[in-house]
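For ligands, and for the atoms within them, numbers begin at 1 and follow the listed sequence. Each residue takes its place number in the sequence, starting with 1.
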Amino acid sequence: MANNRTTPALLHPFGKPASNAYHTLVRAEGVRVWDDKGNEYIDALGSLWYCQVGYGRREIIDAITDQLTRMSTYNTFAPWANGPAEAAAERISSLSPLEGSRVFLCCSGSESVDTAIKLSRLVHQLRGDHDRQVVVRRTRGYHGVNVGGTSVQGIASNRENWGDLLPHVVEIDPDDIESAARLFAEAGDRIAAVISEPLQGAGGVYPPTEGYLERLRDLCTAHGALLVFDEVITGFGRTGNWFASQTYGVTPDLITFAKGVTSGYQPMGGVIVTRAVCDELEADPDFILRHGYTYSGHPAAAAAALANIDIIDNDGLIERAKHVGERLSAGLHAMAADGTLRDVRGVGAVWTGQLPETYSDARAIEVRDTMTTNGVICRAAGTNMVFCPPLVIEDSDIDRCVDVLAEAIRLVPGDH
Ligand SMILES: Cc1ncc(COP(=O)(O)O)c(C=O)c1O
């Protein structure tokens with residue numbers, strides 16, 4: 001085998017290409033995963049904020065297998081459809097707060113975001129409002145890594161070194177709604193859409209400040225802009241409702257989703273499109289929506305989504321998300337009370353414990369690695385130790401996660 005590599009063939013996402021340090025996983029069951037050395041871990045991150053129902057669920061595996069056996073795949077470009085894709089769209093629309101909505105399916109959160117950006121601009125173009133192209137992003141927002149999502153994400157380091165990104169993107173303060181109000185006052189007639197996670201996830205788990213989302217909704221409505229909620233993390237039960245739009249009582253025009261829709265058993269994402277936007281798309285019977293992915297509406301992914309949604313529903317996992325969050329946050333708050341943590345933030349079953357100011361981001365990675373060694377997987381977002389476990393996690397495992405974090409902080413003191 002002739003090659004001159006000193007690193008593995010697999011080039012990892014969000015990793016150091018020069019690194020060789022990876023854990024190779026071989027098995028997963030419930031909330032636990034095992035590596036090839038026999039080490040067992042509690043997965044307190046639901047893989048990457050997505051596995052709501054835990055690993056190895058027979059119902060989903062059987063639904064996928066059954067679908068693959070009957071019809072392994074077929075595309076949904078016009079004029080083709082398939083039963084699982086139609087049923088999944090119907091189910092997702094009916095669970096959402098967007099009445100009479102339609103659902104565009106794709107394969108990832110990044111694709112859902114790029115679809116939402118394009119749909120937002122398209123609607124204004126179709127109305128003849130050609131100057132309305134600005135997309136407003138919030139600092140700290142994460143919206144995936146396609147060129148559109150990279151352009152509208154508010155984590156500056158993720159936008160660096162890719163050359164020119166999308167034009168017509170403006171950033172606002174993530175907490176101060178007055179900065180949004182000023183922008184709308186100056187340029188409201190050029191704003192196509194505002195994109196926002198209801199709870200900012202990858203940027204460090206920041207719930208909205210009081211009244212922020214409501215005011216954002218009002219500004220968009222008053223100025224004719226669309227409000228896009230990126231619910232890739234918050235959708236499908238994570239915040240204690242099907243969607244965070246329901247948790248916060250604010251209804252957007254477009255909802256992007258992925259992750260929890262299938263709990264990751266098959267890749268799937270999508271955009272829920274409100275009726276008013278659908279009316280624009282449907283107005284001209286000859287108009288063609290020139291957008292779509294080869295695997296949009298893949299029947300095996302749609303079958304996984306339907307089985308996964310059934311489990312969330314039948315097993316009461318939306319209520320369970322509230323319980324998980326209460327127990328987890330109680331443990332984190334206790335650590336904040338004695339100064340072990342600087343801050344605790346979250347909603348439903350997604351929480352962070354932020355390390356004290358004496359910790360650098362690099363030190364937070366050491367805390368994470370110590371937790372991994374001690375059998376709990378969590379994520380360091382800056383100095384935030386993030387928990388987003390499967391909603392089926394048991395109380396004793398939640399307590400273990402908190403204990404392992406406390407122990408790791410004791411073993412890895414702050415560095416300045
Ligand atoms: C809010 C949000 N949007 C979009 C994405 C991108 O999703 P994907 O990695 O499936 O492309 C993510 C991924 O974490 C996300 O958290």
Practice problem: Mark up the atoms of ligand 1 that fall under 4.0 Å of a heavy atom belonging to E197, in ascending order. | Solution: 1 (C)
Quiz item: Any idea which atoms of ligand 1 are less than 4.0 Å away from a heavy-atom of S108?
Solution: 10 (O), 11 (O)
Practice problem: Answer yes or no: is there a donor N or O on one side and an acceptor on the other, between the side chain of D35 and the main chain of K37, under 3.5 Å? | Solution: yes
Exercise. Could you tell me whether R215 and E178 have a side-chain N and a carboxylate O separated by less than 4.0 Å?
Key: yes
Practice problem: Between K259 and ligand 1, find which residue part has any heavy-atom pair under 4.0 Å and reply side chain, backbone, both or neither. | Solution: side chain
Quiz item: In ligand 1, which numbered atoms sit nearer than 4.0 Å to a non-hydrogen atom of D230?
Solution: 1 (C), 2 (C), 3 (N), 4 (C)
Quiz prompt | Atom indices of ligand 1, in the order listed, that fall short of 4.0 Å to a heavy atom of I233 | solution = 16 (O)
Practice problem: Using distance alone, decide if ligand 1 has a nitrogen or oxygen within less than 3.5 Å of any nitrogen or oxygen in H143. | Solution: no
Quiz item: Evaluating non-hydrogen atoms only, which member of W49, Y50, F14, Y142 is closest to atom 12 (C) of ligand 1?
Solution: Y142
Quiz item: In terms of atom number and element, which parts of ligand 1 are under 4.0 angstrom from non-hydrogen atoms of G144?
Solution: 4 (C), 5 (C), 6 (C)
Quiz item: Is there a donor-acceptor pair under 3.5 Å between the side chain of Q67 and the backbone N or O of M71?
Solution: yes
Quiz prompt | N/O donor-acceptor pair under 3.5 Å between S47 side chain and C51 backbone | solution = no
Practice problem: Step by step, work out the side-chain contact (heavy atoms from CB on, under 4.5 Å) result for K259 and F257. | Solution: CA-CA 7 Å; K259 297 190 187 274; F257 65 87; over 6 Å; no
Quiz item: Nearest protein heavy atom to atom 7 (O) of ligand 1, by residue and atom, and its distance?
Solution: G109 CA, 3.2 Å
Quiz item: For atom 9 (O) of ligand 1, which protein heavy atom lies nearest, and how many Å away is it?
Solution: S110 OG, 4.3 Å
Quiz item: Are the side chain of R327 and the backbone of D399 linked by a donor-acceptor contact shorter than 3.5 Å?
Solution: no
Quiz prompt | R102 side-chain N/O to V273 backbone N/O, donor-acceptor pair under 3.5 Å | solution = no
